[in-house]
There are 2 protein chains.
Amino acid sequence: MIPSERRKRITIKDVAQVAGVSTQTVSRVMNKFSYVSEGTRQRVEAVVEQLGYRPSTLARSLIQQRSYTLGIVTFGLKYIGPSRTLNGIADKADELGYMLLMKELDNFETNSIDEVIDSLLARQVDGILWVVPEIGDNHAWLDERLTKIPVPVLFLAMQPRDGISSVATDNFQGAVMAMEHLLDCGRKKIGHISGPLSWWEADERKRGWRETLLKIGVDASEEHCTEGNWSSASGEQAFIQLLESFPDLDAVFVANDQMALSVLREAHRRNINVPEQLAVVGFDNIPESAYFYPSLTTISQDLQLLGEQAVQNVVDMIQARQGKQPIISPQSIFIQPTLIVRESSKRV
Amino acid sequence: MIPSERRKRITIKDVAQVAGVSTQTVSRVMNKFSYVSEGTRQRVEAVVEQLGYRPSTLARSLIQQRSYTLGIVTFGLKYIGPSRTLNGIADKADELGYMLLMKELDNFETNSIDEVIDSLLARQVDGILWVVPEIGDNHAWLDERLTKIPVPVLFLAMQPRDGISSVATDNFQGAVMAMEHLLDCGRKKIGHISGPLSWWEADERKRGWRETLLKIGVDASEEHCTEGNWSSASGEQAFIQLLESFPDLDAVFVANDQMALSVLREAHRRNINVPEQLAVVGFDNIPESAYFYPSLTTISQDLQLLGEQAVQNVVDMIQARQGKQPIISPQSIFIQPTLIVRESSKRV
DNA sequence: TATACTTATGAAAACGCTTTCAGAAAACGC
DNA sequence: GCGTTTTCTGAAAGCGTTTTCATAAGTATA
């Protein structure tokens, strides 16, 4: 098969000419809601069909100054979070008639961020979704740059800030749920394996662990917590270290399922019985976690919903700015996770 | 913070006026490689900086008839495959200066496919990447529709077809590698748990299982294979069923790691020792598989590379069509997977 | 000195659409 | 019958660029 030759694009003029009307009339037919006589409409529609005419969204975007496109900035698509969130974003965007213009960040330097935003703006995106985990001060740029962006921007998985719109899972509350469940199971000596603490989400989960313990009068010693980097490999190391610094622990709350998997495995190797001797709770509810051995109790965060909510919000903001709705003031939304109880934390 | 008001876009005219030159001169400065005197260049650049001027890619795309944007059509972002491939696509696209316009398919009806393609074309994408697994005859549309698409289209994870460009993992070869490894381990009674056989990839993996057995003179009975749907849950069912129809098997090749996980777990439950009594090999090499208990031997497919290769190829095709290179004839590329040996298949 | 490039700049057209603006025809009120 | 509104259609301008085309000066060639 020879690649089809570059045919000239069929334009509104072609349709107008064949149908014997002006281009404006064709435009009216395509966009409905305007005075066109029934006869003309049918004639034009027939020609459109016959010629296979499809209006150029590009040209329309140029004149209307809006593109029905959302800019999506991601980081770490290889992590479970961004990738599952994207699924929700894609679904909702489709439902609302928006396309997605994607750009993956490869570092957090300010000029790289400027470049990404500029390239999105150059294509007239109507709004931007920032799907980048908050790590260290990688969101610091927004203090001075954000006001200069002429379209709505919404941040995902970011610590709530006054006057800035964001949507995030309530990691703190999730951790509290995990901890209260362990306490309910009669555990008292609860260790924690955290994610990298430069991540806001990891820090929140750890805070949930600490504050729940403090609430019942137990001191959350730093000895009782080790830090991983989300990977199973790091989870193994963190657990081994934890066993040394906190030998008589009877439960461990692990900041994600992948690291929890290593805990289960290492415990098995050392003949530590789960859940009898050691209860384990993870975070994320990855599909496999129900089939770990033993199956893993975990906190489920609805990333699909997170993505959908984010799109809905940013689209609301866009419409508001078009002046069709009253203006919306920025707000931070928390999505509540849920506890999934499985074998790894059965009550003793 | 009050949302910044909709400032008027700074255009090339503004720059031209302030710098006291014509718009074409500004255009020349922005695009380099044209006669502009040093003095003028510097003056214009200063104004560009001062005004914060950024050219509208939209307008440029309109006149140049190309957008430096790739259309990405996906299906099942929630599956590991498409999502990891996307990572490679994003990286390479960035490297080559392309943006990604994404659209997720929610069904395979022809008019839904037409709509997706039209919406991509309406935005002047320079090429299309079809990141949709081949299931049943969901690629049947391309026979009559493909020639009508005026830009290069490249298919991922599709059965090679004459005259159509595609990039895929060599699933058959991967399966053969898994099987030969099991034979090397001294196993003879090897069962198979397949993915849904309407998927081309699942079918290929099964074919690798069957043909390897035939090659050594063993009949690959249908009794020795059960079918799952990629999920861990289905893997459990499939394994239980397999144990009934093929009770004395000594090895099982499972079509993906998630189902293999269930096999490990169920075997453990039944006190079937892995790998002593039963060797298990998976497919995909998901990050967790190294931390299953026992760790899982598996076939690693480099989806990152797959995505990168796909982008490179489609960009080559685009450039060729721009007439800058000799025309490229369509080709199907197979990416070779690799065997990762771990505990679940140790030699007895 | 005349002829040809090379360098530097601007005027105007074009990309494919939507948006006023304006005019004509038909329908309506009195 | 005349003014007013409603319905229908087209001319022309404009969105923000790039692309010919044209012109003018400077520089090298003969």
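Letters A, B, ... are given to chains in the order of the sequence lines, protein chains preceding strands, and every chain is numbered from 1. Quick caveat: nothing in here was measured; it's all calculated off a predicted structure.
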Rounded to the Å, how far apart are Arg66(A) CZ and dG16(D) P?
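Value for this atom pair: 16 Å.
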Do the side chains of Val21(B) and Arg43(B) get nearer than 4.5 Å, heavy atoms only?
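Yes, at least one pair of side-chain atoms sits under 4.5 Å.
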Would Asp118(A) and Lys148(A) count as a salt bridge (charged side-chain N to carboxylate O under 4.0 Å, His left out) here? Give the steps.
CA-CA 11 Å; Asp118(A) 282 343; Lys148(A) 295 183 190 157; over 6 Å; no
Strictly under 4.0 angstrom, non-hydrogen atoms only: write out the protein contact profile of nucleotides 5-10 of chain D, one letter per nucleotide from the 5' end, B, S or -.
--SBBB
To the nearest 0.5 Å, how far apart are CD1 in Ile318(B) and CG in Asn313(B)?
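It is 11.0 Å, given to the nearest 0.5 Å.
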Distance in angstrom units between Met30(B) CE and dT17(D) P, rounded:
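Rounded to the whole Å, the gap is 9 Å.
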Distances under 3.5 Å only, N/O to N/O: pair up the protein atoms with those of nucleotides 14-16 of chain C.
unit_1: dG16(C); atom_1: OP1; unit_2: Gln65(B); atom_2: NE2; d: 3.1

Are Leu120(A) and Val73(A) packed together at the side-chain level, in the sense that at least one heavy-atom pair is separated by less than 4.5 angstrom?
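Sidechains of Val73(A) and Leu120(A): in contact.
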Between Gln42(B) and Glu38(B): side-chain donor-acceptor atoms closer than 3.5 Å
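The criterion, which ignores hydrogens and geometry beyond distance, is satisfied for Glu38(B) and Gln42(B).
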Taking the side chain from Arg123(B) and the backbone from Ser67(A), do they hold a donor-acceptor pair closer than 3.5 Å?
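Answer holds: yes.
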Does the Glu134(A) side chain pair with the main chain of Trp200(A), one donor and one acceptor, at a distance under 3.5 Å?
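Absent.
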Say whether, by atom type as modelled, one donor and one acceptor occur between the side chain of Asp126(B) and the main chain of Val315(B) under 3.5 angstrom.
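No, the answer is negative, given that no donor and acceptor are paired below the 3.5 Å cut-off.
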Going by distance alone, is a donor N or O of one side chain under 3.5 Å from an acceptor N or O of the other, for Asp91(B) and Gln304(B)?
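Indeed, the side chains of Asp91(B) and Gln304(B) share at least one donor-acceptor pair under 3.5 Å.
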Roughly, in whole Å, what's the span from CG in Leu58(B) to P in dC17(C)?
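My rounded result for the distance is 13 Å.
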Under 3.5 Å: donor-acceptor pair, side chain of Asp14(B), backbone of Thr11(B):
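Confirmed, Asp14(B) side chain pairs with Thr11(B) backbone.
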For nucleotides 24-27 of chain D, print each protein N/O atom paired with a nucleotide N/O atom at under 3.5 Å, atom names and distance only.
none

Between Glu104(A) and Leu77(A), is there a donor-acceptor pair closer than 3.5 Å when you use the side chain of the first and the backbone of the second?
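Checking the backbone N and O of Leu77(A) against the side chain of Glu104(A), a donor-acceptor pair under 3.5 Å is found.
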Bend across the helix from dT1(C)-dA30(D) to dC30(C)-dG1(D), to 10°, with axes taken over 5 pairs at each end?
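Axis angle across the helix from dT1(C)-dA30(D) to dC30(C)-dG1(D), nearest 10°: 40°.
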Which pairs, with at least one residue in residues 97-118 of chain A and sequence neighbours excluded, count as a ring-ring contact (aromatic ring centres under 6.0 Å, His included)?
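Checked against ring-ring contact (aromatic ring centres under 6.0 Å, His included) - neighbours excluded - the pairs reaching residues 97-118 of chain A are Tyr68(A)-Tyr98(A), Phe75(A)-Phe108(A).
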Partners meeting salt bridge (charged side-chain N to carboxylate O under 4.0 Å, His left out) with Asp106(B) (sequence neighbours left out):
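Expected list: none.
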